[in-house]
Amino acid sequence: MTPARKAALSRAALTIIGWGVALWVFFPILWMAMTGFKSEIDAVSTPPKFFFHPTLASYHEVFERANYWHFAINSIVISVLGTIVALLFSVPCAYAMAFSPTKRTRGTLLWMLSTKMLPPVGVLVPIYILARNAGLLDTRTGLVIVYVLMNLPITVWMLFTFFKEVPREILEAGRMDGATRLGEVWHVLLPLSLPGVASTALLSLILSWNESFWSLNLTSSNAAPLPSFIASFSSPEGLFFGKLSAASTLAVAPILVFGWLSQKQLVRGLTFGAVK
Amino acid sequence: MSASTLAAPAPPRQSARRRGTLALVGPSVLILAAWATVPLIMTLWYSFQNYNLVDPTQHGFAKFDNYTYLLSDPDFWSSLANTAFLVIGVLVITVGFGTLLAVLYDQAFPGRSIARVLVISPFFIMPTVAALLWKNLMLHPIYGVYSNMMRMVGLTPIDWMSHYPLFTLTLIVSWEWLPFAVLILLTAIQSLDGEQKEAARMDGAGPVARFFYIIIPHLRRAITVVVMIETIFLLTVFAEITVTTAGGPGVATTNLAFLIYSRALLQFDVGGGSAGGVIAIIIANIVAAFLVRSVARNLET
C-alpha cells in the first residue's frame, strides 16, 4: 500500500470512529428529542420507530396538565438571580485580587477553593434546619442564597484568571485620567474582559439550572425548579414516554445551547485554572 | 477617605487603597466564611445530640451514641461500599474512556468540531433527566431502545434497573461525567507541544508508544485534577438515585448521600444524619487536601 493510500485509509477510519462514538454518546439525547414529538403509542412501539408522524400532543399535555411554566419560571428566576448576585459579589473581589494583590490573596483564593470541597450532603441537615427556621424552605430566595454561595468560589476564580489577562497598564492609564475604581471596572475592565465575564455567567447559569441536590431537598412545590418537575415523572408516570421526553427536552434545551456556546471557557472554571 | 488621610501620615493613598481592597474582597470572604463554618459546626454539634424533628422527648447530649449506632449499622457499611463502588466505577470508566476519546478528538477529521460538541453534550443534561432518560427510554426491559436492539439480534433483554441496579447507576452517572473528563483532557492534550509529538514520530515512535510515553505522562496532572474534582461531586450523587431506585431494592443503591438524606429527612433523626454528614466531610477532606495542593502548585498571583 502506498503511503498516500494508507493515510487516506486511516483518515477514513478516524472519521468513522470519531463520528460513531459521538453519535453513540449523543444518541440518548437525540432519541429523547424525537420521542417528545411522537404520539404515546409510537413512543412505546416495538421495534422503535425512527420515522413517525410528528405530533405536538405530548407538548400540549406538558404545558396544559403538568404546569410546566410554574417550574420553568422558578428555574429561570432562581438561576438568573443567583448568577447576578454571584457576579455582584465576585467581580469586585476578583478585581481587587487581580490588580491589588496582597500577601494574603493567594491564601484567600485557595481557601475559597477549599470551601467547594465541603460535600453538600455533609451539611444537608443544618442547612435544612436553618432554612426551615428562617422560613426559607420552599422559597426561591432560599435556593438563590444557596446557589450564590455554591457558585461564588467558581465565579471568583474564573473572573480572577480572566482579569489577570488584562494588562495592568491599561487600568493604570485610566486611573491617571482620574477614573474612580467603579469607573475603572465599569468602563475599562468589564468591556475588555467581556467574553470572560460572559462565560463565567454562563457557567454559573448552567450549574444553577442543573443543580439537583439542594433543589430536591429544599423545595417541594412553591419554589421547585425544573429538576424537581422532571423528578415528579419518576413513577409511574415515567411510563408515558412521550410526555416525559417532551418535558425533559424543554428542561434541557436552553442550557444545552448555552453549554455548546461556552464549552471552551468552561475548562477554566471547572478546574479552577489548574488545566489550561 | 478624608479620615484616612488625617490618620495616616505615611503614604495616605496606599493605605486608603488597601482599605478599598478590603472592602472589595471582604463581602465575598465573609459570606463564604459563614457558609463554610456555621453549617459545619452545626453538623458537628447535632452529631453529638439526641435530636429528632418529630419526637420532642429525644433531646440532650448523646455522647458518641449517634456514631456507635451508625458504625454498628450494616446499612451504613453497605452505603460506604456502594459509595466506593459508584465513585471508583465512574472514575475508571470516565478517565479511561475520557483519555482515549481526548486523543481521538485531538486528531483532525471532517466535522471534528461538531462531533466534539455532541460528545460534550451529556454534561449539560440535568441529573434527573439523565437518569429517567436512561432508565425508561434506553434501558426499560420492554420499551427501551437497548432492549429492542437485543431482541433484534435474538438475545433476551436484561432488566438492568432491577437486576444490576448499582452497576446501571454507575453507567448512567458515567455517561454524565464522561464529557467532563474528555473536555479537560482534550484541553490538556492540545497544550502539548506539537513539535514534541512530531519529533517522536520522526524518531520512529508508533502511535501506541507515543500514547504511553508522551501523551500519558503529559496528562498526568490533568488526570489528577479530573479524578479529584469528580470524586468531590460523586460523593454526593443523589438525584439519579432518588428518581430511579430510591436507594433500593432494599439498600442496594443507597450511597452515603442517600443514607444521610433518609436518616435526616425521612426518619427525622437529625443526630444520626449529622453523624453521617461528619463522616462524609472527613472523606471529602482527605480527597480535597490533594486537590488544593495540586492547584496551589499552579497558581501565580
Side-chain angles (χ1 to χ4, degrees), chain A residues 14-15 18-19 22 25-26 28-29 31-32 35 44 46-48 89-90 92-93 96 100-101 105-106 110 112-115 117-127 149 152 156 206 210 212-213 216 227 230-231 233-234 238 241 244 248 251-252 255-256 259-260 263 267 271-272 274-275, chain B residues 20-21 24-25 27-29 31-32 35-36 39 42-43 46 104 107 109-110 112 115 117-121 124-129 132-133 136-138 143 145 148 183-184 187-188 222 225 232 235-236 238-239 242-243 257 260 264 270 273-274 277 280-281 284 288 292 295-296 298-299 301:
Chain A
L14 205 62
T15 311
W19 272 95
V25 170
F26 189 72
I29 301 171
W31 191 254
M32 171 181 85
T35 308
V44 293
T46 44
F89 275 97
S90 50
C93 181
S100 335
T105 298
R106 189 187 146 89
L110 289 173
M112 284 187 165
L113 166 66
S114 72
T115 67
M117 304 301 148
L118 194 65
V121 70
V123 291
L124 168 63
V125 178
I127 297 293
L149 292 163
L152 196 57
V156 168
I206 294 170
N210 288 342
S212 304
F213 180 77
L216 289 181
I230 301 298
F233 282 80
S234 50
F241 283 11
L244 168 67
S248 301
V252 302
I255 225 63
L256 190 56
W260 286 340
Q263 49 154 331
V267 175
T271 63
F272 302 95
V275 173
Chain B
T21 303
L24 295 173
V25 177
S28 298
V29 170
I31 59 171
L32 267 181
W35 171 249
M42 285 175 74
T43 305
Y46 288 145
L104 176 63
Q107 318 293 317
F109 62 83
R112 172 178 63 167
V117 164
L118 294 183
V119 166
I120 301 216
S121 300
F124 306 114
I125 305 298
M126 58 179 68
T128 47
V129 168
L132 287 179
L133 165 60
N136 294 316
L137 270 61
M138 295 294 122
Y143 307 119
V145 175
N148 274 303
L183 195 62
I184 306 300
T187 309
V225 171
I232 298 293
L235 282 175
T236 304
F238 174 77
T242 309
V243 299
I260 294 169
V270 170
S274 299
I281 291 168
V292 172
V295 171
N298 214 35
L299 173 70
T301 47

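We name chains A, B, ... by the order of the sequence lines, and we start the count at 1 in each one.
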*asked:* According to side chain to side chain donor-acceptor pair (under 3.5 Å), who are the partners of B:T128, at least two apart in sequence or on a separate chain?
replied: none
*A:P119 versus B:A280, closest heavy-atom pair with distance*: CG-O, 3.7 Å
*Heavy-atom distance under 4.5 Å to chain B: side chain of A:S90, backbone, both or neither?*
backbone
*What option among B:I260, B:N148, B:V270, B:T242 has the most heavy-atom pairs under 4.5 Å with chain A?*
B:N148
*Spatial distance of atom CZ (B:F238) from atom CG (A:L124) [nearest 0.5 Å]*: 7.5 Å
*Please report the shortest heavy-atom distance between A:P126 and B:M42, naming the atom on each side.*
CB-CB, 3.6 Å
*For B:S121, which residues count as a side chain to side chain donor-acceptor pair (under 3.5 Å) partner, sequence neighbours excluded?*
A:W260
_I want to check something: taking the side chain as every heavy atom from C-beta on, are A:V125 and B:T43 in contact at a cut-off of under 4.5 Å?_
no
_Closest non-hydrogen atom pair, A:G18 against B:L104_ = CA-CD2, 3.9 Å
*Could you tell me which of B:S274, B:A36, B:A257 has the largest number of non-hydrogen atom pairs under 4.5 Å with chain A?*
B:A257
*Any chance you could measure A:I206, atom CD1, to B:M126, atom CE, to the nearest 0.5 Å?*
11.5 Å
_Distance (rounded to the nearest 0.5 Å) between A:I230 CD1 and B:L132 CG_ = 7.5 Å
*Heavy-atom pair count under 4.5 Å with chain B, highest-scoring of A:P227, A:A251, A:A96*: A:P227
*asked:* Could you walk me through whether B:L137 and A:L244 satisfy the side chain to side chain contact (heavy atoms under 4.5 Å, CB included) test, starting with their C-alpha distance in whole Å, then the side-chain angles of each, then the deciding distance to 0.1 Å, before giving a yes or no?
replied: CA-CA 9 Å; B:L137 270 61; A:L244 168 67; 4.2 Å; yes
*Rounded to the nearest 0.5 Å, how far does CD1 of B:I125 lie from CD1 of A:I255?*
10.5 Å
*asked:* Can you tell me how far apart CG (A:L118) and CD1 (B:I281) are? Round to the nearest 0.5 Å.
replied: 5.0 Å
*Step-by-step side chain to side chain contact (heavy atoms under 4.5 Å, CB included) determination, A:I127 to B:W35*: CA-CA 9 Å; A:I127 297 293; B:W35 171 249; 3.5 Å; yes
_Euclidean distance, B:L24 CG relative to A:F89 CZ, rounded to 0.5 Å_ = 12.5 Å
*Does the pair B:V243 and A:F233 meet the rule for a side chain to side chain contact (heavy atoms under 4.5 Å, CB included), with working shown?*
CA-CA 8 Å; B:V243 299; A:F233 282 80; over 6 Å; no
*For B:L118 and A:V25, what are the C-alpha separation, side-chain angles and deciding distance, and is it a side chain to side chain contact (heavy atoms under 4.5 Å, CB included)?*
CA-CA 7 Å; B:L118 294 183; A:V25 170; over 6 Å; no
*Which one, B:L235, B:I120, B:L183, leads in non-hydrogen pairs under 4.5 Å with chain A?*
B:L183
*Among B:V29, B:V119, B:V129, which residue forms the greatest number of heavy-atom pairs with chain A at distances under 4.5 Å?*
B:V129
